[in-house]
Protein chains: 2
Amino acid sequence: MTHAGDRSRPSLLDAIHHEPLRERVAAVIREAIFDGSLHPGAPLVEKTIAEDLQISRAPVREAIRMLATEGLVDSVSYKGSTVRRLSERDVQEVYAMRRLLERYAVRQVIERGVDVSRDGLEGATSAMEEAAASGDIATLNEADERFHRQLIELADHELLLGMWTLLALRARHAIALRNVQIGDPAAVAANHRAIVDAIAAGDLERSLDLVSEHIDSGAQLVLDDWQDD
Amino acid sequence: MTHAGDRSRPSLLDAIHHEPLRERVAAVIREAIFDGSLHPGAPLVEKTIAEDLQISRAPVREAIRMLATEGLVDSVSYKGSTVRRLSERDVQEVYAMRRLLERYAVRQVIERGVDVSRDGLEGATSAMEEAAASGDIATLNEADERFHRQLIELADHELLLGMWTLLALRARHAIALRNVQIGDPAAVAANHRAIVDAIAAGDLERSLDLVSEHIDSGAQLVLDDWQDD
DNA sequence: CACGGACCGCGTGTCGACAATCGACTTCTT
DNA sequence: AAGAAGTCGATTGTCGACACGCGGTCCGTG
């Protein structure tokens with residue numbers, strides 16, 4: 001699950017240190033999938049993409065293969081690749097696994113007495129509150145994902161983090177398709193604050209319940225009026 | 001997690017229907033890792049392997065990349081790939097995730113009232129008992145893995161199955177490195193029988209305990225006298 | 001002798017061309 | 001006209017050659 005460098009952190013180095021072409025291509029296609037330019041079922045033809053980007057097929061091919069392992073693309077030997085069609089069941093499975101993994105993370109964090117207020121969660125939480133207050137949905141969503149990622153990171157479990165990262169990608173895919181609208185930003189932020197508090201208080205049962213509930217409601221948001229393509 | 005065709009089922013078709021070269025190459029390297037020809041840390045040089053197999057670098061390259069996503073190989077851009085070095089922590093993480101996933105599967109199976117005696121577990125279980133009786137360790141191990149795989153399959157959750165499959169590969173890697181010796185074959189078979197019975201009886205708590213215990217003891221077998229490379 | 005920079009070999013990254021496969025369409029046969 | 005065989009276009013699979021990054025070596029310099 002060694003996952004290519006963090007593309008969401010465009011540090012100064014990236015300008016110097018040449019990231020392999022396949023990574024950049026994968027990032028381009030991934031974004032196209034998320035922003036809707038590539039709808040589910042759309043064919044990904046190596047030659048076409050290569051010509052569009054004015055490069056050879058090799059890096060395109062590798063990029064597509066990456067996306068396939070990420071679950072964003074379906075590939076069939078000798079036939080071709082298409083943007084994955086997500087069924088309602090797929091979405092349910094993704095969220096079921098997320099719930100399982102995040103609950104496990106919470107358990108680990110509490111058992112090992114990690115200081116959640118100091119080690120990161122605090123930042124994401126207050127960022128969510130600020131974003132909610134100013135009605136900045138984009139930032140809110142970003143902070144939301146950061147919150148959950150940091151929660152997983154606090155469990156200090158590389159394999160867990162790797163698997164969760166894959167799930168997060170697939171969740172983003174589902175969310176992108178449905179253009180999910182958050183009901184009440186302030187409530188979302190408050191939920192996260194409550195989770196932090198419960199963990200900090202060492203209340204395992206309450207933490208698990210809150211996390212489950214939060215993830216289930218997220219799933220519900222995506223699944224409402226879902227129609228299989 | 002779309003995983004290349006089932007390589008363990010060499011049907012008649014495989015002779016006709018050309019499986020892409022990369023798959024066969026991946027299978028060869030994977031086996032070499034499991035049987036110890038390629039020890040942890042051993043470099044995987046595309047050109048060398050390609051020449052050994054008398055093919056070009058392209059399929060070798062893709063095969064290595066597959067193994068990397070399976071967690072059997074470490075790849076670093078512009079530097080190269082090596083057989084993954086497994087730390088004690090890696091092994092612990094793999095087994096921790098297996099425990100989490102298999103417990104989840106058990107929960108699902110019981111909640112949904114799947115008929116475990118009819119739908120597959122019975123076959124693997126009795127196969128284990130026979131293998132144990134005749135002292136056939138290889139068959140025992142094979143039936144063991146089949147048992148767990150079928151347990152996961154009964155949960156009817158594709159994503160779960162995909163993630164579990166990855167974990168199983170990594171577990172096999174660890175087991176291969178330690179040449180694990182099973183203490184008492186009959187006891188192992190009996191444990192699985194007990195799990196089937198508990199599930200069939202719908203006894204959730206007992207089923208979870210048995211599964212946890214079984215996986216933990218498996219982990220212990222691998223971890224005994226583990227020395228990080 | 002320590003240190004910094006140019007050089008060089010190794011291996012991966014990328015390229016353009018050719019081969020194999022698949023599915024659909026066409027055509028031949030009865 | 002129906003069915004089977006053959007053909008064709010589109011796309012992936014494989015190939016060999018060249019480009020580039022990386023790390024170690026060797027040399028010059030203070």
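By convention in this document, chain letters (A, B, ...) are assigned in the order of the sequence lines, proteins followed by strands, and residues within each chain are numbered from 1.
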In whole Å, what is the span from the [atom1] atom of [X] to the [atom2] atom of [N]?
| X | N | atom1 | atom2 | result |
| --- | --- | --- | --- | --- |
| B:His18 | D:dG13 | NE2 | P | 13 Å |
| A:Ile49 | C:dC15 | CD1 | P | 14 Å |
| A:Lys47 | C:dC15 | NZ | C1' | 15 Å |
| A:Gln54 | C:dT14 | CD | P | 16 Å |
| B:Tyr78 | C:dT12 | OH | P | 13 Å |
| B:Leu21 | C:dT21 | CG | C1' | 14 Å |
| B:Arg22 | D:dC15 | CZ | P | 12 Å |
| A:Leu44 | D:dT12 | CG | P | 9 Å |

Side chain to side chain contact (heavy atoms under 4.5 Å, CB included) involving [X] - partner list, sequence neighbours excluded:
| X | result |
| --- | --- |
| A:Glu51 | A:Lys47 |
| B:Leu21 | B:Arg24, B:Val25, B:Ile55, B:Pro59 |
| B:Asp156 | A:Arg89, B:Arg112 |
| A:Glu62 | A:Arg22, B:Arg61, B:Arg65 |

With sequence neighbours excluded, what pairs up with B:Glu31 under the salt bridge (charged side-chain N to carboxylate O under 4.0 Å, His left out) test?
B:Arg172
Can you list, by residue number, the residues of residues 55-64 of chain B that have a non-hydrogen atom closer than 4.0 angstrom to DNA chain C?
B:Arg57, B:Arg61
Residue pairs meeting salt bridge (charged side-chain N to carboxylate O under 4.0 Å, His left out), one or both in residues 140-150 of chain A, sequence neighbours left out, come to none
For the residue pair A:Val91 and A:Arg178, establish whether any side-chain heavy-atom pair is separated by less than 4.5 Å.
no
For the residue pair A:Arg84 and A:Val73, establish whether any side-chain heavy-atom pair is separated by less than 4.5 Å.
no
Could you tell me which residues satisfy ring pair (Phe, Tyr, Trp, His ring centres under 6.0 Å) with A:His214, sequence neighbours excluded, listed by chain and number?
A:His148, A:His192
Give me the distances for all protein-to-nucleotides 23-25 of chain C N/O pairs that come in under 3.5 Å?
none

